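The structure appears right after this line, and notes come after that.
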Amino acid sequence: MADLEELRTFTIAARLGSFARAARQLNLSPAMVGRRIQGLEERYGIKLIERTTRSQHLTERGREFLTRAEVVLDAAEALADCSEADNYSGRIRLTAPTMIGVTRLPPVLARFGADHPDVIFEVNLSNRRVDLVGEGFDLAIRVGELPSSGLITRRIGTYRFACCASPEFIRRNGELTHPAQLAQVRCVLNLNLMPRDRWPFIAADGEEITVTVGGGVEIDYDEAQRILALSGTGIVYLPLDLVSDDLSAGRLVSLFPDWRMPSMPIHSVQPSRALVPRRIRAFVEALAIEFRSS
């Protein structure tokens, strides 16, 4: 009978495509990863992974073995879920955009971690859309409409934007009354928006316009854009979460009060596995409660 740790090591190495990357995730040496997989191969008398000095890939038998190994690991996880107690434990590998990770995620991590101290969070903050299965993540938080896929998704909140500038910038450039005027003033472009130089607005009557903007700074880090706006460098189009305190304090001024910016959905995304550990289900529920109230 295969050892569960051997099976887990094999599945992670297969998903990540690298013994070294699997070793980093498991906090093992690459040699130990190799020994565990070799142990499986010897026990079952099959070659699971073909390795060269530059690459590795699953054999045909290895792909079949991976499918069955994941079923066994899911079943083992389900045994732990038989308890009715709410004492969750284990690791959650989570990836989220930097803006979400800075503003909305920390309170959920803090509260969930306080209630369930045996849960370990491994959090990757990146605006890159990671491969959940290939990189071994349990959960992702993603902003925007999602393409059709076999992943498990749930809408957990809404991502809103603000178009704003500092009082100093407005004094220098004059008060703006219509979004079309943005084409004539300096803006700080957000590289996380696609396309970066086209800012959409919706009027009270439903009219939609998109303004082509420009400026001397284009940057992909939201907090840096906020600081540039505070310094009077230009107008920004940023997540409302990031600038809400500045708007309340008057450090930034919201532009075009008769217009609104389109919002985007926030989703939780999980690999399409038959059984989802209770700790992950509970954490997604905690995310939904927090994000909908913010």
Side-chain angles (χ1 to χ4, degrees), residues 86 88 91-116 119 121-133 135 137-164 190-194 196 199-202 206 208 220-223 225-226 229 236-248 252 254 257 259-273 276-294:
D86 291 333
Y88 308 124
R91 182 177 294 269
I92 298 177
R93 297 195 74 234
L94 166 68
T95 180
T98 54
M99 186 66 256
I100 294 285
V102 170
T103 58
R104 297 203 193 185
L105 189 56
V108 192
L109 294 175
R111 279 195 288 272
F112 197 90
D115 292 338
H116 309 289
V119 173
F121 287 99
E122 182 181 336
V123 183
N124 169 272
L125 298 182
S126 171
N127 293 321
R128 178 178 65 90
R129 185 156 290 195
V130 305
D131 178 354
L132 286 183
V133 176
E135 298 182 49
F137 284 97
D138 299 305
L139 178 67
I141 300 172
R142 289 182 175 164
V143 175
E145 299 297 337
L146 299 177
S148 177
S149 73
L151 301 175
I152 302 168
T153 65
R154 174 182 174 182
R155 180 163 183 167
I156 58 174
T158 302
Y159 202 67
R160 297 180 175 85
F161 291 88
C163 183
C164 52
N190 184 348
L191 293 178
N192 295 320
L193 294 178
M194 296 296 292
R196 71 193 67 169
W199 291 0
F201 295 86
I202 304 172
E208 298 184 18
D220 67 351
Y221 187 53
D222 296 324
E223 178 62 25
Q225 295 168 60
R226 169 183 169 268
V236 292
Y237 193 106
L238 283 175
L240 180 59
D241 289 340
L242 183 64
V243 296
S244 58
D245 289 344
D246 297 314
L247 293 171
S248 298
L252 292 175
S254 183
W259 295 73
R260 61 183 175 87
M261 283 120 276
S263 61
M264 295 192 293
I266 304 173
H267 291 92
S268 66
V269 183
Q270 299 161 229
S272 54
R273 299 178 62 187
V276 178
R278 284 191 313 137
R279 63 181 180 275
I280 296 176
R281 293 199 303 268
F283 184 67
V284 170
E285 189 62 36
L287 286 171
I289 293 171
E290 173 67 26
F291 284 16
R292 286 172 182 166
S293 65
S294 60

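In this text the structure is predicted, and so the values were computed from the model without any measurement.
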- request: Using the test side-chain hydrogen bond (donor to acceptor under 3.5 Å, both in side chains), find all partners of Ser263 that sit at least two apart in sequence or belong to another chain.
  value: none
Pairing residues for Thr103 by the side-chain hydrogen bond (donor to acceptor under 3.5 Å, both in side chains) criterion, not counting sequence neighbours: none
With a 4.5 Å cut-off on side-chain heavy atoms, are [Y] and [X] touching?
X: Cys164; Y: Leu238; answer: no
X: Arg260; Y: Phe201; answer: no
X: Leu132; Y: Thr95; answer: yes
X: Val102; Y: Glu223; answer: no

Nearest-0.5 Å distance, [atom1] of residue [X] to [atom2] of residue [Y]:
X: Ile141; Y: His267; atom1: CD1; atom2: NE2; result: 12.5 Å
X: Gln270; Y: Leu151; atom1: CD; atom2: CG; result: 9.5 Å
X: Phe283; Y: Ile92; atom1: CZ; atom2: CD1; result: 6.0 Å
X: Gln225; Y: Leu191; atom1: CD; atom2: CG; result: 7.5 Å
X: Arg142; Y: Ile156; atom1: CZ; atom2: CD1; result: 12.0 Å
X: Ile280; Y: Leu287; atom1: CD1; atom2: CG; result: 11.5 Å

message: On a heavy-atom basis, which atom in Arg279 and which in Val119 lie closest, and how many Å separate them?
response: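 Where Arg279 meets Val119 most closely, the heavy atoms are CB-CG2, 4.4 Å.
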query: If you take all heavy atoms of Pro97 and Leu125, which pair is closest and at what distance?
result: O-CD2, 4.2 Å
- prompt: What's the verdict on salt bridge (Lys or Arg N to Asp or Glu O under 4.0 Å) for Arg278 and Glu285, showing C-alpha distance, side-chain angles and the deciding distance?
  reply: CA-CA 11 Å; Arg278 284 191 313 137; Glu285 189 62 36; over 6 Å; no
field: With sequence neighbours excluded, residues passing ring pair (Phe, Tyr, Trp, His ring centres under 6.0 Å) with Tyr159
entry: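 Checked Tyr159 against ring pair (Phe, Tyr, Trp, His ring centres under 6.0 Å); matches are Phe161.
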- request: Please state whether the rings of Tyr88 and Phe112 are parallel, tilted or perpendicular, taking 30° and 60° as the class boundaries.
  value: parallel
Trace of the salt bridge (Lys or Arg N to Asp or Glu O under 4.0 Å) decision for Glu122 with Arg91: CA-CA 7 Å; Glu122 182 181 336; Arg91 182 177 294 269; 3.3 Å; yes
message: Can you tell me if Phe121 has over 12 outside heavy atoms packed within less than 6.0 Å of its CZ?
response: yes
